[in-house]
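So that the names make sense, note that chain A is the first sequence line, chain B the second, and so on, each numbered from 1.
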Number of protein chains: 2
Amino acid sequence: MDKREERLHQILQATITVLSKEGAEKLSMRKVAKVAGLSLSNLQYYYKDKDALLIAAVQHYFESCQEELTLELNVLKFESEPSITIYLQKLLDLLLMNGKSNDHLMMFQEIWALSSRNKELQKAVEIYYSNYCVWMMELISSFSKKPEVILSLLVPYAEGYSIVSNVLPLDKEKVIEMLIQIILNLTE
Amino acid sequence: MDKREERLHQILQATITVLSKEGAEKLSMRKVAKVAGLSLSNLQYYYKDKDALLIAAVQHYFESCQEELTLELNVLKFESEPSITIYLQKLLDLLLMNGKSNDHLMMFQEIWALSSRNKELQKAVEIYYSNYCVWMMELISSFSKKPEVILSLLVPYAEGYSIVSNVLPLDKEKVIEMLIQIILNLTE
DNA sequence: ACCTGAACACCGTTCAAGT
DNA sequence: ACCTGAACACCGTTCAAGT
């Protein structure tokens, strides 16, 4: 890693730290510069304005999310589980909120809001979810012949669940039970 | 409506306009003051800081959402439809994105992001979704004996769909078809 | 290629003062 | 009760200048 790369990594890491701790509203170029340990003008040399900085930071964040995701999903191999039901239980437990700890959810909520005003961010979000779908598709194919259908059920559900889970009449356990029943019905 | 009430309405309306057009990041007290037609200090007399203004504006926005929602849902009476399937088709078409035009979705994304940093906003969001669930529960009860289950499926799904619909392998029509099949299976 | 520092218009918040 | 205006520390961006 040469000096430039190191600098960039340092800056993006600082940006993500501030973003997840204080939110986009309180993120400022000056604050990031201070946290990353360079002058404001020098930060602007690497990222010409706040938009450019945010876009690079979000892309950086998505990359680390993908790495985390592949690690988590690689542990979960269908072949090594005793039954579809138990496999689904583990998979759904992972998908619903767990991967999305509070920090994670807050970052995504910031990113959703930012992306609705910025075409480049919108594209980055789309690429992230597309890749996410590719992984999921592969995973679901291991036990179902209709992966597109189950994917189109699970991916939106998991995102929405992270937002409204606290107002639902069913608890997480019951929700997983329901989803398993649905998936088995759709699969057979 | 007395003068104070009129002033407040004027301010909140201006806030929502700026919020939906430019986002929370670019919303400023001075801008709202200008749009609402009063001085900065006078705006601060009614809402002591930006937080207070945002909270009041979001609550105001939610109220208008609820009115809109009841109007839309009141048109859709199960009794007046020829079959469950057609009724569900109309209901799902309404729930998936349609109510949430782009403006609507952008507002909600702003609100989700803001609420993750603010307890009061978090509470307002929870109250909104709780009320939403009550309406939905009533609606679903008209054709199903397991309204809690179907609600726990549809509410998260609709929210998540607004975020990721553009990366799904199924189009809206197919998604609705899938959901109808699931609901009929769960209901029987 | 990398970094500095001053300047500009704008921001939220505070406060002392008017009617 | 309602409204004003000045002051403060902070913000993003621009720019001319250094190594």
Side-chain angles (χ1 to χ4, degrees), chain A residues 1-58 60 110-111 113-121, chain B residues 1-58 60 110-111 113-121:
Chain A
M1 194 142 71
D2 61 9
K3 198 188 166 195
R4 184 184 165 84
E5 246 179 299
E6 212 170 328
R7 263 282 204 242
L8 293 182
H9 187 264
Q10 200 178 14
I11 291 171
L12 297 181
Q13 211 49 50
T15 309
I16 291 169
T17 302
V18 175
L19 204 53
S20 86
K21 273 190 190 159
E22 313 191 39
E25 212 187 342
K26 291 188 179 169
L27 179 140
S28 73
M29 294 289 276
R30 289 166 209 260
K31 206 179 276 178
V32 170
K34 189 175 266 179
V35 173
L38 33 58
S39 73
L40 172 61
S41 322
N42 200 9
L43 170 59
Q44 285 168 313
Y45 168 73
Y46 289 103
Y47 297 102
K48 76 175 209 297
D49 55 26
K50 204 177 168 181
D51 252 24
L53 177 62
L54 280 174
I55 290 166
V58 168
H60 188 77
E110 295 292 345
I111 292 171
L114 291 171
S115 72
S116 71
R117 314 276 170 195
N118 184 305
K119 287 242 169 191
E120 284 225 59
L121 277 180
Chain B
M1 193 141 72
D2 61 8
K3 198 188 166 196
R4 184 184 164 83
E5 243 178 300
E6 212 169 326
R7 263 285 203 235
L8 293 181
H9 187 263
Q10 200 177 14
I11 292 171
L12 297 182
Q13 211 49 51
T15 309
I16 290 170
T17 302
V18 175
L19 204 54
S20 85
K21 273 191 190 158
E22 312 192 39
E25 213 188 340
K26 291 186 179 172
L27 179 140
S28 72
M29 295 289 277
R30 289 167 210 259
K31 205 178 277 178
V32 169
K34 189 174 265 179
V35 173
L38 33 57
S39 73
L40 172 61
S41 322
N42 200 10
L43 170 59
Q44 286 168 312
Y45 168 72
Y46 290 102
Y47 297 103
K48 75 175 210 295
D49 54 25
K50 203 177 168 181
D51 253 24
L53 177 63
L54 280 174
I55 290 166
V58 167
H60 188 77
E110 295 291 345
I111 293 171
L114 291 172
S115 73
S116 70
R117 315 277 169 194
N118 185 305
K119 287 242 168 191
E120 284 224 58
L121 278 180

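Nucleotides C:dC8 and D:dC11 are separated by 12 Å at their C1' atoms, to the nearest Å. Comparing the C1' positions of C:dA17 and D:dC2 gives an interatomic distance of 13 Å, to the nearest angstrom.
Contacts of B:Asp49 classified as side-chain hydrogen bond (donor to acceptor under 3.5 Å, both in side chains), with partners at least two apart in sequence or in another chain: none.
In this structure, A:Leu121 and A:Ile111 have side chains that are not in contact, with every pair of non-hydrogen atoms separated by 4.5 Å or more. Taking 4.5 Å as the limit, some side-chain heavy atom of B:Glu5 sits within range of a side-chain heavy atom of B:Asp2.
Nucleotides of DNA chain D with any atom under 4.0 Å from a heavy atom of chain A span, from 5' to 3', D:dC11 to D:dT14.
Nearest approach of B:Ala57 to B:Ile16, heavy atoms of both residues: O-CD1, 3.7 Å. Between A:Glu110 and B:Ser116, the shortest heavy-atom contact is OE2-OG, 4.4 Å.
Applying the salt bridge (charged side-chain N to carboxylate O under 4.0 Å, His left out) test to every pair with at least one member in residues 7-26 of chain A, sequence neighbours left out, gives these pairs: A:Glu22-A:Lys31, A:Glu25-B:Lys50.
Within residues 24-43 of chain A, the residues that have a heavy atom under 4.0 Å from DNA chain C are, in order of number, A:Ser39, A:Ser41, A:Asn42.
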Pairing pattern in dot-bracket form [Watson-Crick, G-U; both distances under 3.5 Å; | = partner strand] for DNA chain D: ||.|||||...|||||.||
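At most 12 heavy atoms of other shown residues, nucleotides or ligands fall within 6.0 angstrom of atom CD in B:Glu120.
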From CA spacing to verdict: side chain to side chain contact (heavy atoms under 4.5 Å, CB included), A:Leu8, A:Tyr47: CA-CA 9 Å; A:Leu8 293 182; A:Tyr47 297 102; 3.5 Å; yes
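Residue A:Leu54 holds its CG atom at 6.0 Å from CG of A:Leu27, rounded to the nearest 0.5 Å.
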Enumerate donor-acceptor pairs with a distance under 3.5 Å from any side-chain N or O in residues 36-46 of chain A to protein atoms, sequence neighbours excluded.
from    : atom 1 : to      : atom 2 : distance (Å)
A:Ser39 : OG     : A:Asn42 : N      : 3.1

